[in-house]
Amino acid sequence: MDTARSQTESAAIEGVYTYRSNPLVEPDWRRFPGWRDVTEAQWADPQWQRAHCVKDARGLRAVVGDLLDEEFYEDWEQDRRHRATMSVLLPPQMLNTMAPDAAAARPGELTKAFYDDPVRRYMLPVFSDRHPRWPSHPMASRDSLHEQDMWVVEGLTHRYPTKVLAELLSTCPQYCGHCTRMDLVGNSTPQVTKNRLLLKPADRAERILEHLRASPGIRDVVVSGGDLANLPWPRLERFVAGLLEIESVRDIRLASKGLVGLPQHWSSGPVLEGVERLARTARSRGVRIALHTHANAAQQVTPGVARAAWALLGAGLHDVRNQGVLMRGVNDSAHDLLDLCFALADHAGVTPYYFYMCDMIPNAEHWRVPLHRAQVIQRQIMGYLPGFATPRIVCDVPMAGKRWVDQADSYDRELGVSHWSKSYLTPLEAADPDAHSGSYHYYDPIDTLPLSGQRWWRDTRQG
């Protein structure tokens, strides 16, 4: 690793960051022609939000009218046909955080604001966003973290010694373009025919619980999907209640970007009443239940999101935390991350936790940040937030798991190859005698490499 160069870069923060407690703002949805008559009661209704999701160009035109130029729709359609690994699904809440300050009074104003907007860049990708030469890294793969390879029963990934991931469903109320589970989650696209969960939901949940009852070495369960905001609450409550009956389980983490994309769900009466029941049982048994969400830009933290987060904490959740993704053109600067973290911590009671480097899935090169840049940003954000609320930027190394970005054993910046190790084995590796001494790899986006490195990958790929 080039330590001297890294230290020089880390000192060169993009201007001095000055803290200001900026009040949250709910963008006025009535600025869009299709929502001019939408009432506050409708906006607060989770069923109205679900029923009015934007899924295609026709739906977007119904909202924005002629405020977007035709070139944007053509760009979007080209991406859908040739690059997109996720279908588009945007609740009004999520769409309303795009270009929040654009008045669209002049021709092309909203189009430019949409193209430049960080939320649009990852929730509504267009063809011109993608890298023309390297849309995918040669080492990219559909299930880049090998989660399905590590299923011990369908939907239950056992990757760490004491922690598991339970995937209960394969749908979300909104789809992120960079989804790490693009192989399984959501509808198929022209590029990707999705894998499918085969068991009936009730059978899958019961098999997961059976495995956990028989596995006293597991203490931490992440309950995810998909997105738990799409799981009917009675089913989720039954599953979590089942976890609470297992003596070895001490931490339960519920995963939902829906807190940001559909906060109306998590602030609804039936859900909060159910959370309160589970939290009461958890406290009596010394178990912590937290919710993990996924905000990537400060403008996504609106008063509605804050109300939902505070309501969940008031109902008894131990914590609400944010796990974002570090992405080029979205939040890849210390200023961007600090603005987001202060919005979460100051106004929504959400603890900044992780920012993952974007996983190596197909057609994601334009989002991915090189390791040396992530290392610089990690150093630049230190010292501003309280220690417990200073997020770690982590690289989820295939087969090795989450690693702080400064934990790389070695790093070839010319070829963009970093080498990592770990101190445990997954069940998948247990029978491999060489696994203990194994080295695991992560790769920088090729367009960020020096020309010599780009030539090497070009020649290797063509060879």
Side-chain angles (χ1 to χ4, degrees), residues 24-30 35 37-53 89-97 166 168-169 171-174 201-202 205 222-245 252-285 287-295 300-322 344 347-351:
L24 301 185
V25 175
E26 198 80 54
D28 185 2
W29 58 85
R30 298 177 185 88
W35 291 339
D37 297 325
V38 174
T39 66
E40 291 188 9
Q42 288 175 308
W43 194 261
D45 182 354
Q47 291 309 115
W48 184 92
Q49 290 277 333
R50 292 182 191 273
H52 291 83
C53 284
L89 185 65
L90 290 170
Q93 172 77 29
M94 180 68 73
L95 178 57
N96 192 43
T97 63
L168 296 187
L169 73 168
T171 65
C172 303
Q174 70 284 300
V222 178
V223 188
S224 184
D227 191 312
L228 296 183
N230 263 23
L231 191 65
W233 178 260
R235 280 174 44 196
L236 178 56
E237 186 169 353
R238 281 196 301 272
F239 182 80
V240 176
L243 292 177
L244 288 170
E245 293 174 354
I252 300 170
R253 294 181 269 171
L254 310 178
S256 177
K257 187 188 179 74
L259 180 63
V260 174
L262 190 67
Q264 294 84 354
H265 168 80
W266 289 106
S267 58
S268 66
V271 170
L272 290 174
E273 291 164 8
V275 168
E276 190 169 5
R277 288 190 293 270
L278 291 174
R280 190 181 309 120
T281 301
R283 282 194 300 273
S284 72
R285 299 182 181 178
V287 177
R288 292 173 293 245
I289 302 179
L291 187 138
H292 285 199
T293 194
H294 177 179
Q300 293 182 286
V301 188
T302 71
V305 170
R307 284 193 297 272
W310 284 116
L312 288 166
L313 291 168
L317 286 190
H318 183 269
D319 206 352
V320 179
R321 307 182 186 112
N322 186 63
L344 291 164
H347 301 295
V350 176
T351 302

Requested in this report: Run through Q264, Q300, Q49 and flag the one making a side-chain hydrogen bond (donor to acceptor under 3.5 Å, both in side chains) with Q93.
Outcome: Q264
Looking only at non-hydrogen atoms, find the nearest pair between [X] and [Y] and report the distance.
X	Y	result
S224	G226	OG-O, 3.7 Å
L313	G349	CD1-O, 3.5 Å
A229	G258	CB-CA, 4.3 Å
L262	P173	CD2-CB, 4.0 Å
P263	G304	CB-O, 3.7 Å
A166	F239	CB-CZ, 4.3 Å

State the [atom1]-[atom2] distance between [X] and [Y], to the nearest 0.5 angstrom.
X	Y	atom1	atom2	value
N322	L291	CG	CG	10.5 Å
T97	E26	OG1	CD	9.5 Å
R238	L278	CZ	CG	12.0 Å
L228	L254	CG	CG	6.0 Å
D319	H292	CG	NE2	7.0 Å

Query raised in the report: Hey, are S256 and D227 close enough side-chain-wise for a donor-acceptor pair under 3.5 Å?
Result: yes
Contact check, side chains of [X] and [Y], non-hydrogen atoms, under 4.5 Å:
X	Y	value
H265	R50	yes
W35	P92	yes
P27	T302	yes
L244	I252	yes
E40	W29	yes
V305	L24	no
H294	V260	no
P201	R235	yes

Report task. May I have the step-by-step check of side chain to side chain contact (heavy atoms under 4.5 Å, CB included) for R253 and R288, ending in yes or no? Result -> CA-CA 8 Å; R253 294 181 269 171; R288 292 173 293 245; over 6 Å; no
Report summary line: Residues at least two apart in sequence or cross-chain that pass side chain to side chain contact (heavy atoms under 4.5 Å, CB included) with A311, listed by chain then number, are L272
Requested in this report: Start with the C-alpha distance between V223 and L243, add both sets of side-chain angles, then the distance that settles side chain to side chain contact (heavy atoms under 4.5 Å, CB included), and finish with yes or no.
Outcome: CA-CA 10 Å; V223 188; L243 292 177; 3.8 Å; yes
Requested in this report: Could you walk me through whether R321 and T351 pass the side chain to side chain contact (heavy atoms under 4.5 Å, CB included) test, one step at a time?
Outcome: CA-CA 5 Å; R321 307 182 186 112; T351 302; 4.3 Å; yes
Report task. If the plane angle is over 60° it's perpendicular, under 30° parallel, otherwise tilted; pick one for W43 and W48. Result ->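 Ring orientation of W43 relative to W48: tilted.
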Query raised in the report: When you look at E245 and R285, which way does the side chain to side chain contact (heavy atoms under 4.5 Å, CB included) test go after all the steps?
Result: CA-CA 9 Å; E245 293 174 354; R285 299 182 181 178; 3.7 Å; yes
Query raised in the report: What do you reckon, is CG of D28 surrounded by more than 12 foreign heavy atoms closer than 6.0 Å?
Result: yes
